[in-house]
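Report on the structure given below.
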Amino acid sequence: MNVLKNFEALFVVVAALACSAAYTFEHPTADTTATSSAANMQVVVVSAKRLTAEEKLQSLLQERAATVAANTTTSASKI
């Protein structure tokens, strides 16, 4: 019975070491990823004006109307 407990403890230790080794080798250090990804990073710049409160409300109302219309046609086609 004592041998089974030792094997269980050994299994837990080996599993922990295997997981930590896999994580270490799979994820390189932060220094190398930061410099290499910064050079290859694509940047998207969006230049647009902000909506006023009235424009935003109008946009939301139009979106809701389009959603209701789409749901109506979808439910009508299922019948």
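Atom set for the values below is all heavy atoms of this structure, side chains included, hydrogens, waters and symmetry mates excluded.
Hydrophobic cluster membership of Leu51, counting Ile, Leu, Val, Met, Phe, Trp and Tyr whose side-chain heavy atoms lie under 4.5 Å apart directly or via other members: none, as it forms a cluster of its own. Summarising the hydrophobic clusters (Ile, Leu, Val, Met, Phe, Trp, Tyr; side-chain heavy atoms under 4.5 Å, direct or chained), the residues clustered with Val13 are Leu17. Val43 forms part of a hydrophobic cluster together with Val45, judged by ILVMFWY side-chain heavy-atom separations under 4.5 Å. Counting Ile, Leu, Val, Met, Phe, Trp and Tyr side chains that sit under 4.5 Å apart, directly or through other members, Leu61 shares a hydrophobic cluster with Leu57.
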Inset, instruction - Step by step, work out the side-chain contact (heavy atoms from CB on, under 4.5 Å) result for Asn6 and Leu10. - result: CA-CA 6 Å; Asn6 289 337; Leu10 181 64; over 6 Å; no

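Under the side chain to side chain donor-acceptor pair (under 3.5 Å) criterion, the residue pairs touching residues 55-65 are Thr52-Glu55, with sequence neighbours excluded.
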